[in-house]
Amino acid sequence: MLSMKKALSFVTILGVSGVLLAGCGNSSKSGSSSSSSSTKITAVGSTALQPLVEQAATDYQNANSGASITVQGGGSGTGLSQVQQKAVQIGNSDIFAEKQSGIKASELKDHQVAVVGMAPVVNKDAGVKNVTMDQLKKIFTGKITNWKQVGGKDEKISVVNRAKGSGTRATFEQAVLGGATAVKAQEQDSNGTVQKIVSSTPGAVSYLAFSFLNNKLQALSIDNVKPTDANVETNKWKIWSYEHMYTPATPNKEAEKFIKYIQSSKVQNGLVKKLGYISISNMKVTKDANNKVTNK
Amino acid sequence: MDQIKAKLMKPSKETKQETVGKIISYTCIVAIMLLVLLVLYFIISFGMSTFTKNNVNLWSFLSGTNWSPGQVDAHGNPEVGALPMIVTSFAVTILSALVATPFAIAVSLFMTIIAPKHGKGFLQAIIELLVGIPSVVYGYIGLTLVVPFIRHLYGGTGFGILSGTIVLFVMVLPTITSLTVDSLKAVPRYYLEASLALGATRWQTIYKVILRAATPGILTAIIFGMARAFGEALAVQMVIGNATLMPKSLLTPAATLTSQLTTGIGNTVMGSLPNNALWSLALILLLMSLVFNIAVKFVGSKGDLNK
Amino acid sequence: MAFKDYDFNDTYFATFDDEKALVTKDIQVYYGDNHAFHDGNLSFSRNKITALIGASGSGKSTYLRCLNRMNDDVARVTGQIMYRGMNINSSDVNVYEVRSHIGMVFQRPNPFAKSIRENITFALKQHGLKNKSELDKRVEESLRGASLWDEVKDRLDKSALSLSGGQAQRLCIARAIAMKPDILLMDEPASALDPISTKNIENTLNQLKKDYTIIIVTHNMQQASRISDYTSFFHLGHALEFDRTERIFTNPHVKATEDYISGNFG
Amino acid sequence: MNPKIANKIADAVIYILVAIVVIILALLIGFILITGIPHISWHFLTSVSQSFSAGGGIRDQLFNSIYLLILTLIISFPIALGSGIYLAEYAPKNWFTSLIQTAIEVLSSLPSIIVGLFCYLLFVIEFQLGFSILSGAIALTFFNLPLLTRSIQESLESVPDLQRQAGASLGLSRWKTITGIIFPIAIPGIITGIILSAGRVFGEAAALIYTAGESAPAISYSNFNPFNPASFLNPMRPAETLAVHIWKVNTEGVTPDASQISSGSSAVLIIVILIFNLGAHYLGKHLYDKMTASK
């Protein structure tokens with residue numbers, strides 16, 4: 001019965017520490033994390049950006065022993081709010097901080113690390129390969145409801161939106177809807193899920209990051225412009241956005257070094273492309289938070 | 001003689017053991033209660049800020065049908081009407097529990113009374129296996145098997161409450177079944193024997209004796225099953241369509257409280273209205289499950305033979 | 001069964017001047033507001049068997065369970081239980097110590113789900129007996145005491161749940177006497193058993209008498225008359241009569257006792 | 001109706017319902033295994049995952065799932081046992097006890113993401129545990145406690161009172177009676193509870209995204225110092241579990257073989273759970289036999 005005794009004394013310790021923990025939790029609401037060791041960096045936020053940053057962090061840590069970087073998802077909103085509260089050193093976001101309600105963009109510093117292009121996709125069944133920008137707008141605002149209205153099969157259109165507040169949706173609506181409200185419909189928050197739903201549901205339409213386009217679904221051209229990296233670089237293809245890594249206005253030195261690494265041509269021409277993003281350095285234009293595009 | 005007397009008056013090893021034991025078990029229950037209270041406090045304080053800080057009218061929150069936090073309607077009030085999600089959550093939870101319960105009871109009876117030898121090991125192994133399958137996997141299987149099936153059967157997109165119910169049915173089945181098995185096992189064996197000896201058929205015995213005696217336990221099983229259904233997000237989100245529309249039938253896309261919550265929480269900023277509104281959904285979820293819980297217990301206390 | 005209204009003041013308690021092992025004074029038992037047992041004033045002689053008889057619901061089991069404070073958690077018990085000159089019905093008194101001096105055997109055999117040996121040694125070890133050979137000695141002694149040794153000596157490490165009902169009950173007796181108590185309380189120990197097992201148990205009790213004071217509840221009057229030295233008759237939560245067993249069964253003082261003995265109840 | 005006919009009908013209904021359930025479950029598990037097993041190979045099980053190229057394995061995720069389960073059980077089982085004992089043995093039957101039970105049951109209906117976020121804010125940030133297995137284990141403790149407490153309570157309650165009376169009559173303390181006599185009898189039921197809650201740990205994703213994290217940094221299996229950040233035993237390192245990995249490759253995975261990894265991982269997960277369950281039953285049986293001398 002010795003083991004039982006041990007287990008039971010363990011219970012007591014845990015129980016007591018639980019009580020203590022809970023006690024602290026109530027009292028120390030303000031004690032935010034001021035003490036982060038100089039080399040430990042946490043980046044949270046956008047799940048779309050995560051694979052890139054994670055892989056870059058692995059390479060970076062291999063090259064710089066002593067650096068410790070944790071990369072996690074959680075969504076752009078989480079990333080921005082956590083970096084604003086200085087709970088983490090880097091907040092990854094698909095969306096400009098200015099566009100996220102509840103974030104004071106002036107307190108944050110934007111580091112653009114990649115560009116992602118997005119394309120409307122339809123189920124192959126619909127028989128549509130090209131639409132005009134106006135048709136696309138009408139589809140997503142619910143004014144066009146059958147594929148035959150845009151030259152496809154007689155099939156009901158079922159719209160799959162991306163999650164409200166997500167970078168993808170903000171970018172798409174800014175570029176396509178221009179202020180109009182999207183029709184209320186399905187909402188999915190990840191590229192993978194949308195990819196599967198559109199490829200398996202007749203009549204479905206949505207939009208995906210370029211890296212998720214595949215031969216099971218049909219990517220649409222808009223006004224006969226194809227969704228390609230080259231078209232994004234010249235802004236002929238309008239639906240694209242930056243991937244951001246936000247830091248506080250005065251960033252942590254190590255975090256800044258790491259971001260510099262990601263922006264370096266080694267990563268931009270290597271990892272960024274391999275992961276299906278478009279390199280920042282290849283862009284011929286820049287875009288600001290209000291969607292104003294200027295040539296470089 | 002006096003030695004025995006002295007011993008009788010003094011606390012012994014047992015007294016100490018009992019005190020220690022009580023302290024341990026009381027500490028544990030206090031720890032659990034603190035955890036529960038902490039979570040409750042957390043959800044209530046976040047969930048209430050929609051109404052206290054953002055001045056959203058509670059009634060319009062509960063009865064509104066338009067959910068677009070971040071946007072305002074013609075009067076400048078935020079569009080946070082949670083009714084479609086409340087209705088849908090209710091619908092899928094109750095429907096899946098309703099569908100799953102008879103199956104769960106049948107399987108439990110099969111495992112404990114009808115064929116304990118053959119049924120038990122095999123069925124129990126499968127049921128225990130099911131609990132561990134990640135929601136995502138349920139979601140994708142739902143997407144590849146259930147949604148097309150419903151689409152072929154009834155037309156439409158296949159997304160909707162019906163598909164959600166089917167997926168949830170499979171997900172809550174293990175919980176309800178295994179807890180029901182526990183409560184059937186707790187019915188003393190001699191109840192069964194006594195009833196059979198009186199000439200009752202097996203079904204009469206099951207229906208009139210076993211199930212009655214196990215009613216409180218079965219109801220607890222259903223509560224836990226509904227709790228699982230309520231809290232489930234990833235799987236439901238993929239098959240129900242996740243559209244914040246008032247469900248018109250079982251076949252139109254809809255969204256549950258949890259699926260909206262999970263979709264939105266990563267894309268909103270803590271402290272902003274869209275985020276607070278999501279926490280209010282969590283609060284509603286909490287209150288609804290409390291109501292369910294009390295209702296089921298109330299029904300159960302009426303059928304309880306031990307009272 | 002409708003009982004006649006007997007006068008609860010029509011009582012008779014014979015006194016004997018042998019040594020007393022246990023004396024109760026004015027025991028009352030309350031379940032909440034329900035006054036379940038009244039005025040328990042009985043004395044139990046050392047190394048004798050006292051039987052408590054009466055119909056179901058007469059309060060004899062309730063009373064018995066007061067004697068080692070098994071009612072502590074379910075009822076409120078007032079009055080005095082004098083054991084070795086001390087009132088043990090007091091919260092100051094160590095209840096665990098009380099129970100190790102006053103053992104109990106229950107109506108349904110309830111061996112622990114452990115081996116036969118462990119059934120006996122579990123509590124002994126807990127009470128501080130660690131010596132292996134001493135433990136083995138106790139196991140043999142108590143099993144012999146309960147007339148079970150010969151039947152189980154080859155399978156002491158087998159589960160006690162494999163025993164028959166009568167064997168299991170004798171194991172429970174062995175378990176109780178292994179603690180070397182002063183007093184053994186028995187709550188209808190043979191009521192769930194067949195006649196042969198009952199006979200075995202009765203023989204065992206006769207053996208045990210020389211070392212223990214035994215108080216036994218039984219609804220079986222033949223059994224009471226066969227094995228007990230003294231008998232007390234209980235009715236509707238009252239003890240009405242106490243006397244030598246042969247006296248109770250041949251010529252009781254109290255009308256209720258007489259009716260019960262002669263089967264004229266109701 | 002004639003009771004004999006009713007009996008026949010009832011039997012038939014039960015058999016049909018059971019058959020339907022068996023078919024559904026067999027389909028489900030068969031689907032996962034058939035689509036998954038072809039992708040399982042030694043390489044798959046023993047190599048690290050890749051974030052963008054094909055051919056990644058699940059070595060670390062598999063280990064993390066098991067390690068997380070162990071840590072979670074170490075934290076949650078003692079608390080659940082203590083609380084289960086309280087509820088089954090010590091709690092008075094009054095409104096306060098049923099309030100406690102209701103509160104615990106309500107806890108189990110919270111969406112996992114809420115609990116995940118709560119643990120993120122409190123443990124990951126406030127107590128600076130960081131994204132770590134430990135944070136994940138604490139979050140999962142919240143899910144485990146209700147079910148585990150409930151099943152321990154039920155298992156203890158189903159042990160007949162006669163055993164408790166026997167213990168008491170021998171002068172044993174109630175605590176000793178519970179731990180030494182009642183608990184061993186309740187072991188099989190408690191094992192079932194552990195298995196069910198372990199399943200929840202294996203399958204949980206949403207709560208872990210915010211606590212244990214969704215990245216699996218390189219770890220060394222030859223470093224046995226749990227305080228070394230590179231050690232596989234370090235509870236303070238971030239750790240992606242198999243379920244989180246499945247979630248990740250399904251949602252934002254950009255590897256070309258994402259769907260193969262997903263099906264392969266699901267099949268592996270099922271097999272691991274099966275092995276764990278069988279092992280737990282076996283160990284439980286062994287423990288039960290040992291403590292109750294039944295063979």
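Chain naming here is simple, since letters A, B, ... match the order of the sequence lines and numbering starts at 1 in each. None of these values were measured; they are calculated from a predicted model.
Counting only distance, with no hydrogens or angles, the side chain of A/Q72 and the backbone of D/E214 share a donor-acceptor pair below 3.5 Å.
Proximity to chain D is absent for every atom of A/L52, based on heavy atoms less than 4.5 angstrom apart. Interface residue A/Q50: only side-chain heavy atoms are found under 4.5 Å from chain D. No part of A/N62 comes within reach of chain D, as not one of its non-hydrogen atoms sits under 4.5 angstrom from that chain. For A/T47, the parts lying near chain D are the backbone and the side chain together; criterion is any non-hydrogen pair under 4.5 Å. Interface residue A/V44: only side-chain heavy atoms are found under 4.5 Å from chain D. Heavy-atom distances place no part of D/L117 under 4.5 Å from chain A, backbone and side chain included.
Atom-to-atom distance recorded for A/T78:OG1 and D/Y120:OH is 7.5 Å, nearest 0.5 angstrom. Between atom OG of residue A/S190 and atom NZ of residue D/K248 there is a gap of 13.5 Å, rounded to the nearest 0.5 Å. If you take CD on A/E54 and OG on D/S49, they are separated by 7.5 Å, rounding to the nearest 0.5 Å. If you take CD1 on D/I125 and CD on A/Q82, they are separated by 5.0 Å, rounding to the nearest 0.5 Å.
The most heavy-atom pairs under 4.5 Å with chain A, out of D/I209, D/N250, D/T255, come from D/N250. The candidate with the highest count of non-hydrogen atom pairs below 4.5 Å against chain D, out of A/G276, A/G192, A/A209, is A/G192.
In terms of heavy atoms, D/E252 sits closest to A/N191 at OE1-ND2, 3.0 Å.
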Test side chain to side chain contact (heavy atoms under 4.5 Å, CB included) on A/T193 and D/T251; report intermediate values, then the result. CA-CA 6 Å; A/T193 312; D/T251 51; 4.0 Å; yes
